[in-house]
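What follows is a single structure, written as C-alpha cells, with notes after it.
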Amino acid sequence: MTGDQQGFGKGCHLHLIDGSAFIFRAYHALPPLTRKSDGLPIGAVAGFCNMLFRYVEGNKGPDAPTHVAVIFDHSSKTFRNEIYPAYKANRPELPEDLRPQFPLTRDATRAFNIACIETEGYEADDIIATLSCKARDAGGRVTIISSDKDLMQLIGDGVVMFDAMKNKTIDRDEVFEKFGVAPERVVDVQALAGDSVDNVPGAPGIGIKTAALLITEYGDLETLLDRAGEIKQPKRREALVNNADLIRVSKRLVQLDCETPLDFSLESLEVLAPEPEVLLPFLTEMEFRTLTKRVADSLKVAAPVAQAAPEAEVAAPEVLPFEAAGYEAVTTAEALAEWVARIRARGYVAFDTETTSLDEMRADLVGISLAVEAGRACYIPIGHRAGGGDLFASDSLVEGQLPLAEVLAALKPVLEDPSILKIGQNMKYDAKIMARLGVTVAPIDDTMLMSYAMHGGLHNHGMDELSERYLNHRPIPIKDLIGSGKSAVTFDRVAVADAVKYAAEDADVTLRLWQLFKPRLHRAQVTTVYETLERPLIPVLAEMEMHGIQVDRDTLSRMSNAFAQKMAGLEAEIHELAGGPFNVGSPKQLGEILFDRLGVPGGVKGKTGAYATGADVLEDITTLEDSQPQGARLAARLLDWRQLSKLKSTYTDALQDHINPETGRVHTSYSIAGANTGRLASTDPNLQNIPVRSEEGRRIREAFVAPEGRVLVSLDYSQIELRILAHVAGIPALKQAFEQGHDIHAMTASEMFNVPLDQMTPEIRRQAKAINFGVIYGISGFGLARNLRIPRGEAQGFIDRYFERFPGIRAYMDDTIAFAKAHGYVQTLFGRKIHTPEINAKGPGAGFAKRAAINAPIQGTAADVIRRAMIRMPQAIAGLDAKMLLQVHDELLFEVAEADAAALTQAAKEVMEAAAAPAVHLSVPLTVEAGQGQSWSAAH
DNA sequence: CTCGTCACG
DNA sequence: GACGTACGTGACGAGT
C-alpha cells in the first residue's frame with residue numbers, strides 16, 4: 001500500500017518489536033531443546049522463530065504495518081550505569097544455555113527479512129523510544145509490540161502498544177489503569193515508586209498507588225518535590241524531602257532517551273516479504289523441521305530436504321502428515337493376524353482402548369487401536385452397538401465386528417509378551433480395562449509419564465495437549481463423536497467409520513509422541529526418574545484401584561440423615577436471625593445479609609464484587625458479640641451449617657454413589673501426572689481428603705471398614721517433610737532432634753524462645769509448629785501473621801529469629817531460588833525436575849513461583865520416597881494375605897487378614913522406613929507410625 | 001464454566 | 001501503606 005510512497009510519513013504504520021521480550025518468552029516457554037546434530041542449545045531460537053513467523057502470518061490484513069523493526073539490547077552496560085551504578089545490578093545471571101542463542105536470534109530476524117537493530121550503550125527501550133518519536137513526528141502511526149511497563153510512557157497520540165501474549169492492545173486507558181496517571185506522567189510515578197527488579201531506588205515506602213495519588217494532586221514530579229513540605233502524612237513527606245535527589249536520579253533512570261543516535265532512516269525499515277532462498281536455508285540449518293515445512297507452505301515453495309539426520313527414525317513423525325488414509329478398520333481374522341505379525345516384526349506397538357466410560361471399573365471395551373509406524377494405525381471395533389437413541393435402538397452388536405474372545409485370543413500373547421513393548425498414553429487406564437478381561441499388559445511405556453518426567457511444571461500431559469505442542473497436530477476432539485453434557489452418548493454408539501478415524505489417530509499420536517520422547521528422556525536426564533518413580537507405579541496403582549476399599553452404605557446413610565436434620569434446624573435459626581429466608585448455601589446472599597442488612601462492619605469485597613464470607617471471616621464476626629450480637633450468632637450458626645453441609649454433600653451423600661454395584665467397594669483413581677511436585681492426586685472419588693481434623697468429620701472414617709476376619713492397617717511417615725528439610729538444608733539441631741526422637745516442634749520452640757523443654761507451654765509449641773510448616777511453604781511475615789492471627793511485625797520477628805537460629809534454612813531458600821532462576825527448574829533428591837517457568841517473571845507471579853520453588857523439592861522428595869515404598873511393597877508383602885488399598889501422601893492404608901496383621905505391619909514399616917535407600921542416604925531417620933482396627937477411624 | 005468455599009497432607 | 005502472599009491437591013453448590 002505504500003509502494004509508491006517515497007519517505008516515511010502520513011499513512012505509514014511502524015511496528016517496533018521488543019526482541020529481548022520475545023527471546024525471554026521463548027526461552028521460558030519451551031523445554032531446553034538442543035540441535036539434534038550437535039547438541040547446540042536452540043530452544044529460545046526455535047520459540048523466537050515461531051513467534052516471528054506467527055507475527056508475519058498474523059500481520060497481512062488491512063491494518064498491516066508498512067514498516068517494521070526488531071530491536072535488541074546490545075549489552076547490559078548503558079549510560080544508566082554511569083548515573084547509578086547499581087542500576088539492574090541485582091538482575092540474576094543469564095542462564096548459561098541462553099547467551100549463545102542471542103546472535104542466532106539476530107540472524108533469525110534478518111533471515112525473516114526484518115530490520116534488526118541494536119546500539120552500543122543504549123537499551124532497546126531507548127531505541128524504541130527514539131524511533132517511535134521520529135515516526136510519530138513524521139505523521140505516521142506506531143505500534144510497539146511488547147508488554148514492558150517501562151515502554152508505556154511512550155503511548156500517546158498515534159502510539160500504542162500491543163501485548164502479543166495476551167493479544168491485547170495497550171492504550172492510554174490501560175496505562176491509566178496500571179499507573180493511575182496518563183502516559184506523560186508515567187515516568188514521574190515510576191521515579192517515585194522505584195522498581196525492585198531493575199533496582200531503581202525511588203522513594204522508600206512509596207508505591208505506584210501512592211505515587212499516582214501524589215502526582216495527580218501536584219501535577220508533576222518537580223512541583224511535587226518543590227512543595228513536598230506541604231504533604232500532611234509525615235512518612236510520605238519525609239520520604240520525599242529526604243530523598244529528593246535519589247528520586248531525580250530515579251527519574252533519569254526510567255526516562256527513555258528519544259535522542260539515541262541512529263545510522264539508518266525510517267524508510268529503510270519498510271516491510272519486505274521473506275526471501276525463501278534466505279529464510280529456508282536458515283531454518284533448515286537450525287534443524288527446525290516442522291517450522292521449515294510450515295514456512296515453506298506459507299511461501300508456497302517446496303521445503304528443502306533436510307540433511308540426513310543421524311536419527312532418521314526419530315525425524316520421521318514430524319515430517320509425515322496425519323492422514324486418515326493410513327488408518328484402517330480390522331474386521332477379519334486375517335487382517336488381525338497381519339497386524340499381530342507386524343507387531344511381532346517391529347517389537348513394539350502403540351496401544352489404546354475405547355470404552356463406554358471414564359470409570360475403568362464400570363467401562364466396557366468397545367474397541368482397540370494399534371499403531372506400529374507413524375501414519376499407519378488400525379482400529380479393531382468389538383463392542384459397537386446399533387442406533388443412536390432412536391426408538392429401535394437395540395443393544396445388538398453392529399455386524400461385521402470380530403468377537404471379543406477372538407480378538408483377545410489373538411492379542412493376549414502379544415500384549416503379555418515380555419519381548420514386545422506396549423506403548424500407551426495414560427496406560428494405567430488401558431491396563432485396567434485389559435486386566436478386567438484377564439490380560440496383563442507388560443512391558444509398557446507411557447507417553448504421559450514420559451512427558452511428566454521431562455516437562456513437569458511446564459504444562460499438562462494430556463494427549464491433545466502433547467500432540468498440539470510436540471506434533472503440531474490437533475487430534476479429533478472426542479466431543480465431535482460423542483457430544484457433550486447431557487446429550488453425550490457412549491462410545492459404543494459411535495459409527496464404526498468415525499471411530500476408526502478417531503481411535504486410530506490416538507494410537508498414531510501416541511506412537512509419534514513416544515518416538516519423539518524416547519531419545520529426549522535421556523538428554524533431559526530423567527530416564528531414572530521415569531523408570532524408577534513413574535512407570536513402575538502403574539501396575540501398583542492399578543492393583544490398588546481395582547481392589548478398592550469397603551465402605552458401609554448404611555453408616556453413611558444414617559449420618560446423612562442426621563446431618564440433614566441438624567441442618568434443617570440450623571437453617572431455621574439462621575433465617576430467623578437474618579430476618580427472612582434466603583439460600584444459606586449462597587455466599588453472595590449471605591454477604592449481603594451480613595454486611596448490608598445487618599450492618600456488620602468490616603465487609604471486604606473480592607474482585608468479583610461479592611463479599612468474602614470464608615470461615616476466617618465468619619470466625620472474626622462471631623467475636624463481635626457486644627457490638628453485633630445478631631451477626632455474631634448468625635455467623636456461628638452458619639459455620640456449623642457449612643461444616644455439616646460439606647460433610648453431607650461431599651462425603652456421606654457422594655460416597656454412597658461411588659460404591660461400585662459389582663464389587664460393593666469404592667474405587668478411586670490416582671493420577672500420577674496430575675500434581676507438579678510428584679504427589680499423586682485422587683479423584684472420583686477423592687479419598688485423600690476424607691475428614692479427620694474435626695471430631696464430627698472423623699466419624700466418616702468409621703464407614704471405611706475391613707470385611708469380616710480382616711483389619712485395616714494404617715502406616716504413616718512421621719514429619720517426613722520436616723525431616724527432609726533438616727537433611728537438605730543441613731540443620732544440625734533439627735537433625736539431632738530427629739535422631740533422638742524428640743518432639744520437633746517443642747525443640748524448635750525451645751531454641752527460638754529460649755524456653756527450657758520442661759517449661760514448654762502448648763501455646764509456644766503451637767507457634768513454633770506453625771513456623772516449622774511455614775518454612776516448608778516458603779514463609780512470609782504476612783502468611784504467618786494470618787495463620788497465627790498475630791500482628792505482622794511480630795510474625796516477622798519470629799521468622800527473623802528462626803533464620804538467625806537456623807541459618808542453613810535461609811541459605812537453602814536462597815540457593816533454591818537461585819537454582820530455579822538459573823535453570824528454570826528445581827529438583828528433588830531423587831532427580832525429579834519440577835519446572836518453575838514463572839520464576840523470572842515480573843509482578844506478583846514471581847512471589848508465587850519462589851515459594852513454590854522452595855516447597856517443591858521438599859514436598860517432591862517426600863512424594864518420591866513414598867512412591868519408592870509403594871513400588872517395593874508388592875514384593876515385600878507377597879507372602880501375606882494383604883492388599884495395599886490407599887495412599888494419602890504420607891500414609892499407606894492396607895487391608896489384611898487378622899492373622900497376618902502383625903507381619904504386614906512389620907514388613908511394610910521396614911519398606912517405608914528404608915525407602916530412600918540406596919539411591920539417597922538421608923542424614924535423618926525416617927520413622928513410620930502404625931495403627932490398626934476394623935475401620936479407618938480405628939486404624940488411624 | 002468460573003468462583004468461593006472447604007476437605008485433606 | 002507498592003503489589004499480594006504461606007505449599008500441594010479435588011469436589012461441591014451457586015450463579016453466570
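Both backbone and side-chain heavy atoms feed into the values below; hydrogens, waters and symmetry mates do not. Below, chain A is the first sequence line, B the second, and so on; all start at residue 1.
Using a 4.0 Å cut-off between charged nitrogen and carboxylate oxygen, A:D616 and A:R786 do not count as a salt-bridge pair. Between A:E174 and A:K178 there is no salt bridge, since no side-chain nitrogen of the basic residue lies less than 4.0 Å from a carboxylate oxygen of the acidic one. The existence of a salt bridge linking A:R867 and A:E534 is confirmed by a sub-4.0 Å separation between a basic side-chain nitrogen and an acidic carboxylate oxygen. A salt bridge is defined here as a Lys NZ or Arg NE, NH1 or NH2 lying under 4.0 Å from an Asp or Glu carboxylate O, and A:R810 with A:D815 fails to meet this definition. Between A:K850 and A:E838 no salt bridge is recorded (no basic side-chain N to carboxylate O distance below 4.0 Å).
Residue contacts for A:A193: at a heavy-atom cut-off of 4.0 Å it reaches no nucleic acid atom on any strand shown. Using a 4.0 Å heavy-atom cutoff across all strands shown, A:A849 reaches no nucleic acid atom at all. Within 4.0 Å of A:A654, counting heavy atoms only, lie sugar-phosphate atoms of the nucleic acid but no base atom. Residue A:D716 is out of contact with every strand shown, counting any heavy-atom pair closer than 4.0 Å. At a threshold of 4.0 angstrom between heavy atoms, the contacts of A:L784 include nucleobase atoms, whether or not backbone atoms are also involved. The residue A:R792 sits close to a base: some heavy atom pair falls under 4.0 Å. Residue A:I206 is in sugar-phosphate contact alone, with no base atom involved, counting any heavy-atom pair closer than 4.0 Å across all strands shown. Residue A:G778 is classed as having no contact, given no heavy-atom separation below 4.0 Å to the nucleic acid.
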(request) Would you mind building the protein contact string for nucleotides 3-9 of chain B? One character per nucleotide, 5' to 3', B for base within reach (heavy atoms under 4.0 Å), S for sugar-phosphate only, - for untouched. (result) SSSBBBB
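Nucleotides of DNA chain C that come within less than 4.0 Å of any heavy atom of chain A span, from the 5' end to the 3' end, C:dG1 to C:dT16.
Legend: residues meeting salt bridge (charged side-chain N to carboxylate O under 4.0 Å, His left out) with A:E695, ordered by chain and number and at least two apart, are A:R698. Residues meeting the salt bridge (charged side-chain N to carboxylate O under 4.0 Å, His left out) test with A:E571, sequence neighbours left out: none. In this structure A:R766 satisfies the side chain to side chain donor-acceptor pair (under 3.5 Å) test together with A:E763, sequence neighbours excluded.
For the C1' atom pair drawn from B:dC6 and C:dA2, the interatomic distance equals 32 Å after rounding to whole Å. Comparing the same atom, P, in B:dT5 and in C:dA6 gives a spacing of 14 Å after rounding to whole Å.
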(request) Could you provide the dot-bracket string of DNA chain C, using ( ) for intrastrand pairs, [ ] for crossing pairs and | for bases paired to another strand, with Watson-Crick or G-U pairs below 3.5 Å? (result) ......|||||||||.
(message) Could you go through A:T652 and A:S560, starting from their C-alpha distance and side-chain angles, then the distance that decides it, and tell me whether this counts as side-chain hydrogen bond (donor to acceptor under 3.5 Å, both in side chains)?
(response) CA-CA 6 Å; A:T652 56; A:S560 278; 2.8 Å; yes
(message) Checking A:L687 against A:V888 for the side-chain contact (heavy atoms from CB on, under 4.5 Å) test, could you report, in this order, the C-alpha distance in whole Å, the side-chain angles of both residues, the deciding distance, and whether it holds?
(response) CA-CA 8 Å; A:L687 295 186; A:V888 193; over 6 Å; no
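Where A:N676 and A:S645 meet DNA chain C, the nucleotide closest to each residue was compared, and A:N676 sits on the side nearer the 5' end. Positionally, the nearest nucleotide of DNA chain C for A:F782 lies more toward the 5' end than for the other of A:F782 and A:D684.
C:dC3 has its base syn relative to the sugar, with a glycosidic angle deviating from 0 by at most 90°.
At distances below 3.5 Å, at least one donor-acceptor pair connects side-chain atoms of A:S935 with backbone N or O atoms of A:S937.
Donor-acceptor pairing under 3.5 Å is lacking for the side chains of A:R637 and A:T622.
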